[in-house]
Amino acid sequence: MTEGMADARPYGVLAMAEYARSSAVTDEVLTALGGFAEVDPGLLVADFADPAHAGALARAEFLVSGWGCPPLTAEALDRMPKLRVNVHAAGSVKHHTTEEVWRRGIAVSSAADANAVPVAEYTRAVIILALKRAFALSAGLSTEGWPSPDNRVPAGVVSRTVGLVGASRIGRLVIERLRDLGVRLVLSDPYLTAAEAAELGCELVDLDELVSTSDVVSLHAPELPETRHLMDGRRLAMMRDHAVLVNTARGSLVDTEALAKECASGRLDAVLDVTDPEPIPREHVLLTLPNVFVTPHLAGAQGTEIALLGSYAVADLRRFLAGEAMLGAVDIADLPRLA
Ligand SMILES: NC(=O)c1ccc[n+]([C@@H]2O[C@H](COP(=O)([O-])OP(=O)(O)OC[C@H]3O[C@@H](n4cnc5c(N)ncnc54)[C@H](O)[C@@H]3O)[C@@H](O)[C@H]2O)c1
């Protein structure tokens, strides 16, 4: 560029917490972004009302957001009159977008597709381990010793039934990742037709049938008013003896105390990446049971995986600026059924 000539590339700002920026917007991601747009990598907006950011916000045509982005209220958006697009280098956009974003016609993209991949990989891994009863038998090694063969408790992956709750983006990736395991797949989702389920290689059943016929029930539905305690005491009681509940979705989908009773009695096993409450109190009974494996909400992108969210967001920004459709475009009409 000729010295003194204004940079014609679109200008934008980064808005997220420092921990999100350092993992999602790596040097590699910044280099990709710098190839077609201009940002000040040293400027991280954590408060849209901060007068120090007024000049940058007034120029911003795009916003790269992430975890910890403050809400895009009318007041915040008034400070960004040129804003055309918000690419979110994380999953759900429900925490920071408001009606005002959609009302003003600002395009929004989410990197939820990229975050779905590690969740699906975690899910495949724990379903295999749980069907082998690996968690319970591993925990018992120090207390019970080497296990004797016990044919009363079903074990093994092949020919078992896995029930998936929600053909969400994660649910669909999980289905793909289970196809080669020789398991029977049943699926429950009020938004899906039987033909669509069959195309995915699953049988569509209602949730009661799913819970009563599956060896594993894996939850992939969003947290919505209608999914609160989807797995309540009644449905947990319908699950088969020694079946496994896998929850990588949200803790509120399960009645935690009802599940704790079923697991404490030894009737059900559970793998929980998410809990209600979260964090789960250190003294909670679920943390003491050998047949319950709890992880601290880590199924989604961790560490080195988080840069994939930044890359996804930047690739979508490039598409938008080139007049192409964004892969992660979010439509406000879909929000009520999305995570
Ligand atoms: N553990 C983690 O680290 C982690 C990371 C990312 C997402 N999640 C959670 O995983 C879940 C799935 O996320 P996603 O991005 O795939 O969701 P998504 O936004 O793609 O899910 C939307 C879909 O869920 C289905 N659905 C809606 N209501 C349903 C219901 N009542 N019963 C069954 N299905 C229903 C519909 O097909 C809908 O289109 C969410 O709960 C999300 O919060 C967890």
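Sequential numbering from 1 along the given sequence is applied to the chain's residues. All ligand and atom numbering here is 1-based and tracks the order in the structure. Note that this is a predicted model, so its numbers are computed, not measured.
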Just need the protein heavy atom nearest to [atom], so name the residue and atom and give the distance.
atom: atom 32 (N) of ligand 1; answer: Pro190 CD, 3.3 Å
atom: atom 31 (N) of ligand 1; answer: Thr227 CG2, 3.4 Å
atom: atom 6 (C) of ligand 1; answer: Asn115 ND2, 3.6 Å
atom: atom 41 (O) of ligand 1; answer: Ala221 O, 2.8 Å
atom: atom 5 (C) of ligand 1; answer: Val119 CG2, 3.4 Å
atom: atom 20 (O) of ligand 1; answer: Arg169 N, 3.0 Å
atom: atom 34 (N) of ligand 1; answer: Gly166 CA, 3.3 Å
atom: atom 42 (C) of ligand 1; answer: Ala339 CB, 3.7 Å

Under the side chain to side chain donor-acceptor pair (under 3.5 Å) criterion, do His88 and Ser65 qualify, and how do the steps go? CA-CA 5 Å; His88 191 52; Ser65 57; 2.7 Å; yes
Proximity of Ser92 to ligand 1 by residue part, where a heavy atom lies under 4.0 Å: neither
Backbone N or O of Val254 within a donor-acceptor pair of the Asp232 side chain at under 3.5 Å? no
Is it the case that the side chain of Ser214 and the backbone of Val211 share a donor-acceptor pair, with hydrogens and angles ignored and the cut-off at 3.5 Å? no
Working to the nearest 0.5 Å, report the span between [atom1] of [X] and [atom2] of [Y].
X: Thr227; Y: Leu219; atom1: OG1; atom2: CG; value: 9.5 Å
X: Phe62; Y: Arg318; atom1: CZ; atom2: CZ; value: 13.5 Å
X: Leu57; Y: Asp78; atom1: CG; atom2: CG; value: 11.5 Å

On a heavy-atom basis, which atom in Val244 and which in Ala130 lie closest, and how many Å separate them? CG1-CB, 3.8 Å
For residues Phe135 and Val271, report the shortest heavy-atom separation together with the two atoms involved. CE1-CG2, 3.7 Å
Answer with yes or no whether Ala167 contacts ligand 1, where contact means a heavy atom under 4.0 Å from a ligand atom. yes
Examine ligand 1 and decide if any of its atoms is less than 4.0 Å from a heavy atom belonging to Pro222. yes
Considering only heavy atoms, which of [options] lies nearest to [atom]?
atom: atom 36 (C) of ligand 1; options: Asp189, Val330, Leu219; value: Asp189
atom: atom 16 (O) of ligand 1; options: Leu173, Ile170, Asn247, Leu338; value: Ile170
atom: atom 21 (O) of ligand 1; options: Ser110, Ser168, Ala116, Ala112; value: Ser168
atom: atom 12 (C) of ligand 1; options: His220, Glu226, Arg337; value: His220

Aromatic Tyr11 / basic Arg59 pairing, under 6.0 angstrom, 45° off normal: yes
Considering only heavy atoms of [X], which atoms of ligand 1 have at least one such atom less than 4.0 Å away?
X: Gly300; answer: 2 (C), 3 (O)
X: Ser188; answer: 33 (C)
X: Thr248; answer: 1 (N), 2 (C), 4 (C), 8 (N), 9 (C), 10 (O), 44 (C)
X: Ala299; answer: 1 (N), 3 (O)

Ion pair present between Arg267 and Glu262, side-chain N to carboxylate O less than 4.0 angstrom? yes
salt_bridge(Arg172, Glu176) N-O dist < 4.0 Å: no
Could you tell me if the side chain of Glu283 sits less than 4.5 Å from the side chain of Thr288, heavy atoms only? no
Mind checking whether Tyr191 has an N or O less than 3.5 Å away from an N or O of ligand 1? no
